[in-house]
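This report concerns only the one structure given below.
Because the structure is predicted, anything quoted here is derived from the model rather than measured. Below, read A as the first sequence line, B as the second, and so on, with proteins coming before strands; counting in each chain starts at 1.
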4 protein chains.
Amino acid sequence: MTKKPVKSVMPSAVRTKARAPAAGEAAPASNRATRAAERRAAIVEAAMEEFIARGFAATRLDDIAKRAGVAKGTIYLHFKDKESMFEELVRTVIVPVVARLTALPPPTGSVRDLVEAFAGDFLKEVIGTRRGDLVRLIVAEGPRFPSVADFYYREVVSRGIAAMRALIELGIARGEIREKNLARYPQILVAPAMIAVIWQSLFARHAPLDAQDMLRVHLDLIFGERRAT
Amino acid sequence: MTKKPVKSVMPSAVRTKARAPAAGEAAPASNRATRAAERRAAIVEAAMEEFIARGFAATRLDDIAKRAGVAKGTIYLHFKDKESMFEELVRTVIVPVVARLTALPPPTGSVRDLVEAFAGDFLKEVIGTRRGDLVRLIVAEGPRFPSVADFYYREVVSRGIAAMRALIELGIARGEIREKNLARYPQILVAPAMIAVIWQSLFARHAPLDAQDMLRVHLDLIFGERRAT
Amino acid sequence: MTKKPVKSVMPSAVRTKARAPAAGEAAPASNRATRAAERRAAIVEAAMEEFIARGFAATRLDDIAKRAGVAKGTIYLHFKDKESMFEELVRTVIVPVVARLTALPPPTGSVRDLVEAFAGDFLKEVIGTRRGDLVRLIVAEGPRFPSVADFYYREVVSRGIAAMRALIELGIARGEIREKNLARYPQILVAPAMIAVIWQSLFARHAPLDAQDMLRVHLDLIFGERRAT
Amino acid sequence: MTKKPVKSVMPSAVRTKARAPAAGEAAPASNRATRAAERRAAIVEAAMEEFIARGFAATRLDDIAKRAGVAKGTIYLHFKDKESMFEELVRTVIVPVVARLTALPPPTGSVRDLVEAFAGDFLKEVIGTRRGDLVRLIVAEGPRFPSVADFYYREVVSRGIAAMRALIELGIARGEIREKNLARYPQILVAPAMIAVIWQSLFARHAPLDAQDMLRVHLDLIFGERRAT
DNA sequence: CATGAATGAGGTTTCATTCAT
DNA sequence: AATGAATGAAACCTCATTCAT
C-alpha cells in the first residue's frame, strides 16, 4: 500500500480556518458563533495531531496552541483542562466515524461482497491514516482514560461487533460461511484489520504489510476461496 | 476467563529480594554483587508495573523508587536516565520470552496440536497477565521509542512470524491446512490472540472475552472443525 | 579609599521597577513591553549580584528569582538556561562600559592629563564597585565560559589595549614618555589598576590600598615625577 | 613563550604513588604511614587539577577520586568535607612556594639583577604553569573562602610585598631606582607579572603575550633602560 | 473574546556524604 | 584502612493553569 496524503480527521465543514474574508466582502456568514466554532475545530485538529504524535502526557498545550494558531489561554475558553480536552476530543473525532458505520450501504449482493466493500472502506479510511493512529492512541491511553475506553467501546466497538455479528449470521444463513461458531466471535473477522492498523504504526518501516492482500486471504479463509473473477 | 493473580515478569532466580534469611542460616549467598542484582531486579519489576499502569511520560521515578524500596538516586546507579531505563527494561523483560519462543516443544503429533499447545501457552502466559500488558505498553509507546519497537520487532515479532510461517507451511504440506495463501500472512494466525490481549486491557470490564474459546474457533476456521474429541 | 555605596550596573533607564507611580499620575508609560523590560532588568541585576557573590556554579536560580521578585519560571521566559543567562548577562552589563570607553573625552591638554583623567574615571567607576567585582567574576569564570572570555576580550580588552597604545604612542611622540618599548605592552600601563581591582575584592580587609595614590605613583614612573602642582 | 609540560605542584617527596614495590623487595620503607601519605598526596594533586579546571562548586568528588585512583570514601579519611579539603589543599600547595620565597638567593650583584633573577624564576615556575592557574583559582574562589584568602594574604602576599619593598628600598638607597615613592607600592613592581598570569589563562588564545619581554620592559621603566649587554 | 506573561508545583537528575562490608 | 553502593536533599527546568490587559 502506498502512503496516502494525510487526511484530516475533521469533517470538512469546520475546516475553514485558513480562509480569510476577501477584502471588500463583509465577513458575511462569519458571525461570532461561526468564528468560535472554527477556532474550536482548529484546536481539536491540532490537539489530535499532537496527541497522536506524542501521547497524552507528553503533549504540550503550548504546541497545540501554536499548531492551531491560537493563544494558549484560548484553549481554556473551549475546554476545562487537558484531560477533558482529550476526552471531548476523542468523542468529537469518533462521532463521524460512527455515523458512517451506522449508515451501512444497502445490503445488495452477497455477504462476502458486503464485507469486502466494508474492508475496502476500512483500508482506505483507517489503515495507514490519521484515523488509524487514533485507534492506536486509544489503545495506548485507554487504561488511563476509562471514560474514553468506555465511550469507544459503547460507540464503536460494541456497535461494530453487533454489525459484524449480523453480517456473519446472514452469511451462515445463506450458506456463505461454514464455520457457525464465528458468530460468537466477530472479533475474529476484524482482528487482521486491527493488526494491520497497529502494524503500520510500529513495523511498516521494517516489513511493509500489504494489508489489502492480507484481508483478502483472510476473507478467503472465512468464505472459502473465490473462484476466478 | 477469570482474572489470574498477577504474575511477575521477572525470572524467578532474581526475585529473592523479599526472602529473609531463615533464622539459623548465616546470610548465605548474599554477597554484594547478589544484593546489587536483587536491587536492580526490584527496580525493573517496579518500573514495569508503573510504566504499564501509567505509560512512560506519566510515570514518576519517585513512585518507581518507592515501589522498589530504594532511594531515588539508586535508580541512577543502574540506569543512565528514564529513557534508557525504559528501553533496557523492555529488553530485560522480553528476553526470557524470546528464550521460550525459540525453545519450542518438540514437533510431535499434528500441526494443529502444536499450534493449539502454543495457543494454550500464550493464553496462560500472556493474555490477561502482566506480560500481556507489556505488549500493550509496546504498542502504546513504540512510536516514541523506535529503539524499543525495533528491538521488539527483531526479537519477537520477526521470529514469531517466521515460526508461525514454518508451522503453516508444514500444515499445508501435510494437508491439515487448505488455505495455501495463509503462509504469506502468518499475522492472520496470531491476530485473534493479539486482539484478545488488547481486549483484556481495555474492554474486559464491559464485555469479558473467552479468549480460549475464541482461539479454538479461529483454529477451527483454519484447520477445519475438529471431530468429536 | 572608603567603601562607596554599591552602584547599580544597570543603565538607569531600565531601573524603574521600584518606582511606584506617584499618587495622582495614571500608571504612565507602563505598557506590557515596558513591564517585560523592567522584569528582565530586575533579573539581570539580581543575577549579577548573586553570580558575583557566589560564582556561577554555586548560584541558585531560586535566589535570583527571589531577589528579582519574580517566580522561578519567569527567568526562563527571558533566558534559555542558566548558562546562557550568565553569558547574556555579562554582555548586557558590559555594553554600557564599552560605550563609555569609545566615547573618550576630547584630547585636550597633555597625554598625562588624559591618562590621569581616565584613571580617575576608572577609580570612580570600577575599582571597589560592583563593576570591579564583575571583572573578577570574568577572571574567575572565564576558563569555563570561553564565549564570555572571548566577548570580554573582543569588546573590552582588545579595545582598551588599542586605546592605551594610541595614548602611549602619542606620549612618546610628544616626549612625555621616554620608555619607547612601553607601546609594545600597554598592559603595563593598566596592570596596577587591575591589581587594585583584585586587591579590593580579596585583601582590602587586611590591608586597605589607596588605589588613587598608587596609580599616581605609577604614572610618575611612566611620565616622570610631576613638578609641584 | 612555548607551552611547558605540565609540572606537578607537589613536592617530589610525596609523589611516589605510582611506584610499585618491585617483586622480591619486601615493600621496605613503605609502611602504613607512608602509604597513607602517598594516598593523601595523590588526592591533593588530583583535587588541585580538578579545582583549577572547574572551580570549587563545579568539581565532583567522584572525579577527584577517579583521578587520584582511590575510592570516594577514602577522601573522607583524609579530609572532613569538600570545603575543608579545598582549604587544606591550597595551604598544602602553597607552603613550598613560601619556602622558596623566604629562601631568596644571596644578595650578590645589583638590585636589578636580583629582581631580574626573581622575575625569571616567576616566569619559569608560575606564569603559564599549573601554579599560575592556582593563583587564578584563589582570585576566583577567594571571596567565598575567606580563610583561603586570609591564608594566602598572610603567607604569600604580605611576605612578597615585604620582600619586594626591601628590594626597592635597597635599590633606592643604591641609586638604581629613582622613583622614591615606589617603596610605598611594591604592588606596582609585581603587577605586570600578575597580569601575565591572568592573561595566559584567559586570553593567550586570542593574543599570545611574551611575558618575559614585557617584564623586561617593565624593569627598564623602573631601573632605567639597560645599557648594551 | 482573546491574549500570552507570569506562576509555582512537580518532575528529573546530580552529587556530597555515610556506612556496612 | 579502604571501599563504593546507597542515600536523599537540593538543584535545574518544564509546563498546565491563571488572569490582567
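- Atom NZ in B:Lys80 sits about 14 Å away from atom C1' in E:dT14, given to the nearest Å.
- Atom CG of A:Leu61 and atom NZ of A:Lys72 lie 7.5 Å apart (nearest 0.5 Å).
- In this structure, B:Phe56 and B:Phe145 have perpendicular ring planes: the angle between them is above 60°, well past the 30° mark.
- Distances shown here put a side-chain N or O of D:Lys82 below 4.0 Å from the OP1 or OP2 atom of E:dA16.
- Put simply, chain C comes within 4.0 Å of DNA chain F, heavy atom to any atom, from F:dA11 to F:dT21, going 5' to 3'.
- Rounded to whole Å, the distance from CD1 on B:Ile75 to C1' on E:dT14 is 14 Å.
- Among residue pairs with one or both ends in residues 80-93 of chain A, those qualifying as salt bridge (Lys or Arg N to Asp or Glu O under 4.0 Å) are A:Arg40-A:Glu88; sequence neighbours excluded.
- The two residues C:Arg54 and D:Arg144 make their nearest non-hydrogen contact at O-NH1, 2.6 Å.
- When all heavy atoms are compared, the tightest approach of B:Met85 to B:Ala47 is SD-CB, 4.4 Å.
- Each end of the helix from E:dA2-F:dT21 to E:dT21-F:dA2 gets its own axis from five base pairs, and the two axes differ in direction by 0°, given to 10 degrees.
- Here C:Thr74 reaches the OP1 or OP2 of E:dT7: one of its side-chain N or O atoms lies under 4.0 Å away.
- Spacing between atom CG of D:Asp81 and atom P of E:dC15 amounts to 17 Å, rounded to whole angstrom units.
- B:Ala149 and B:Gly142 make their closest contact through CB-O, 4.1 Å (heavy atoms, listed as atom of the first residue, atom of the second, distance).
- Between the NZ atom of C:Lys66 and the C1' atom of E:dT7 there is a distance of 15 Å, rounded to whole Å.
- Protein atom OH of C:Tyr76 is 15 Å distant from nucleotide atom C1' of E:dA9, rounded to whole Å.
- Counting to the nearest Å, the P atom of E:dA16 and the CG atom of D:Asp62 are 8 Å from each other.
- Nearest-nucleotide positions on DNA chain F place B:Ala36 closer to the 5' end than the other of B:Ala36 and C:Thr59.
- Between the P atom of E:dT12 and the NZ atom of B:Lys72 lies a distance of 8 Å, rounded to the nearest Å.
- At least one donor-acceptor pair under 3.5 Å links the side chain of B:Thr59 to the backbone N or O of B:Gly55.
- Residue B:Leu61 has its side chain nearest to E:dT12 when only E:dA16, E:dT12, E:dT3 are considered.
- Pairing each heavy atom of A:Ala140 with each of A:Pro143, the nearest pair is O-CD, 3.9 Å.
- In this structure, A:Ile64 places its CD1 atom 17 Å from P of E:dG4, rounding to the nearest Å.
- A residue-by-residue look at A:Val70 and B:Phe56 shows that A:Val70 has its nearest nucleotide of DNA chain E further toward the 5' end.
- The two residues C:Asp133 and C:Ile52 have their closest heavy-atom pair at CB-CG2, 3.4 Å.
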